[in-house]
Amino acid sequence: QWVVLSLFPPVSSDIISTVEFNYSGELLATGDKGGRVVIFQREQESKNRPHSRGEYNVYSTFQSHEPEFDYLKSLEIEEKINKIRWLPQQNAAHSLLSTNDKTIKLWKISQRDKRAEGYNLKDEDGRLRDPFRITSLRVPVLLPMDRMVEASPRRIFANAHTYHINSISVNSDHETYLSADDLRVNLWHLEITDRSFNIVDIKPANMEELTEVITAAECHPHQCNVFVYSSSKGTIRLCDMRAAALCDRQSKFFEEPEDPSSRSFFSEIISSISDVKFSHSGRYMMTRDYLSVKVWDLNMENRPVETYQVHEYLRSKLCSLYENDCIFDKFECCWNGADSAIMTGSYNNFFRMFDRNTRRDVTLEASRENSKPRAILKARKVSTGGKRKKDEISVDSLDFNKKILHTAWHPKENVIAVAATNNLYIFQDKIN
C-alpha cells in the first residue's frame, strides 16, 4: 500500500521535465520547462514531530538555464531542462549536472548556517579598523545563523552538440560523463569544458539516408568502459570503449524480432525506445517503448527476459493517438533500489508498477483529489470493453493531456517521486 508523503503544487505554471534522486535519496531534484531546478530535502525525524521523517521540503530553487538564440542558424534554444544527474557527494557540498538542448552545466549546491564574528582588522559593521589602535588579539568565533543555500555554476560544457541533447549519464569512474543527442554520443571529463570526445556518430554522409536516431544513452553502473544507447528503431547497442576510440561497431546488439502478424502502420513509431536504464546490479537493463517495458539480460541479445504491458488497451486507439501527437510521448522508467520492481508512467495521471518476483502489477493515480498527506492510494483499473465494473475507468474517458512521463525511485527505500505535468507527488510504501 502506497501513501501520499508530500504533494508540491506548482511553483510556477511550468511543466516538470525531469525528476532525479541523489545517491543517498536525501535530496530530490526537479527541472522544468522554464529552466529552473528545484531541490527538495528530506526532513530528519525530530522528537516533537516523530512522523515528519520522510517528508520532503523545498531546499533550494535556482535558474539553471536561460533562453538563448543561435544567430548562425536563426534558432531559438529553449531553456527547458532535459535531464538532471547527481554526482556522488565528495564533501559537504552537493553537485549536479543539468542540461537543456545544447548546454550542460555543473552546479555546486552548498549551505552556510554559521557566520564568523570578532575580526581583528574590521569592526562588526565591516569597516576597517586603524591598525595602530589594535592592542589585543581576538579569536573570531562562529555563530549560528539562518541557513543559506547557494547554487553556483562551476563548469559550463557548451558547443559540442549540433542536435538536441536527450541524455546525460555520469560514469562509474566519477570523472567522466557522456551526453547524447539525436546522432552523436560525446564523452566529457568533468574538469575539462572546452573539448569532448565523440564516441558514437551515426550521422550518414547524406542526411536523406537517415533511418534512425539515438533516443537515450547510459553508462554502466560498475564498468566505466561500457555504455548503451537506444534507437528509434527499437534496438539497443552496448559498446565497449576499450575496443575502439569511435564505438561505431557495437559489442552487443539487442533487438526483439517483430511478430509479422501484428505489423501495422504504427509499428515503427511504437517500437521506438524512449528510455533505457541499467539495473543497479549492472546485470540487466530496462527499455521503455510506447506500449511496454522490457527487461534484458546483458548476456542475451536476441530477446528480452521479461516484457510488461503498460497500457495494452491503447493499441486500438493508436490512430487517434497519432492524430493528437501523443504517440510520440517519451515515457521514462525506473528501477527500485533492489532491482525487484520497476515503475513507469501512463495517461490519465496513472503510473504502473511491476513486481519482478511475483509478476504482480498495479496501476496507481497521482491526482489532487486523493492527495491529502498519509492518504492511501487506491489501485485503479481500466476496462477494455464489454461490461464496465463499478471501480473501472473506460478507455474512452482517459485524459491524454494528463500524462506521467517522469518518475524516480529512492535508491534505498520504497519512496517514489512522480511528476504529473506541473505537480510533484511523493509517495511512500506504508510498510515502512
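Only a predicted model underlies this, so the values are computations on that prediction, with no experimental measurement involved.
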With the threshold set at 4.0 Å, does a side-chain nitrogen-carboxylate oxygen contact exist between [X] and [Y]?
X	Y	answer
R155	E191	yes
K277	E218	no
K317	D396	yes

Would you kindly say whether S340 and N336 are connected by a side-chain donor-acceptor distance under 3.5 Å?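 Side-chain D/A pair, S340 to N336: present.
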If we count only N and O atoms by modelled type, under 3.5 Å, do the side chains of S230 and T215 hold a donor and an acceptor together?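 Yes.
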Partner of E332 under side-chain contact (heavy atoms from CB on, under 4.5 Å), chosen from K83, R288, M343: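 Going through the options one by one, the only one that passes is K83.
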Could you list the donor-acceptor pairs under 3.5 angstrom formed between side-chain atoms of residues 241-250 and any protein atom two or more places apart in sequence or on another chain?
residue, atom, partner, partner atom, Å
R242, NE, D240, OD1, 3.2
R242, NE, D240, OD2, 3.3
R242, NH2, D240, OD2, 2.8

Under 6.0 Å between ring centres, would you say that holds for [X] and [Y]?
X	Y	value
F265	Y322	yes
F351	F427	yes
F331	Y347	yes

Over 12 non-hydrogen atoms of neighbours within 6.0 angstrom of [atom1] in [X]:
X	atom1	answer
Q41	CD	yes
N302	CG	yes
D355	CG	yes

Only one of W86, F157, F227, F197 forms a ring pair (Phe, Tyr, Trp, His ring centres under 6.0 Å) with Y177, so which one is it?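 When ring pair (Phe, Tyr, Trp, His ring centres under 6.0 Å) is applied between Y177 and each of W86, F157, F227, F197, only F157 qualifies.
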Apply the side-chain hydrogen bond (donor to acceptor under 3.5 Å, both in side chains) test between N186 and each candidate in D201, N198, D181; give the one that qualifies.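 Going through D201, N198, D181 one by one, the side-chain hydrogen bond (donor to acceptor under 3.5 Å, both in side chains) with N186 is satisfied by N198 alone.
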Salt bridge (Lys or Arg N to Asp or Glu O under 4.0 Å) pairs, two or more places apart, involving residues 222-234: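 Of all non-adjacent pairs touching residues 222-234, none passes salt bridge (Lys or Arg N to Asp or Glu O under 4.0 Å).
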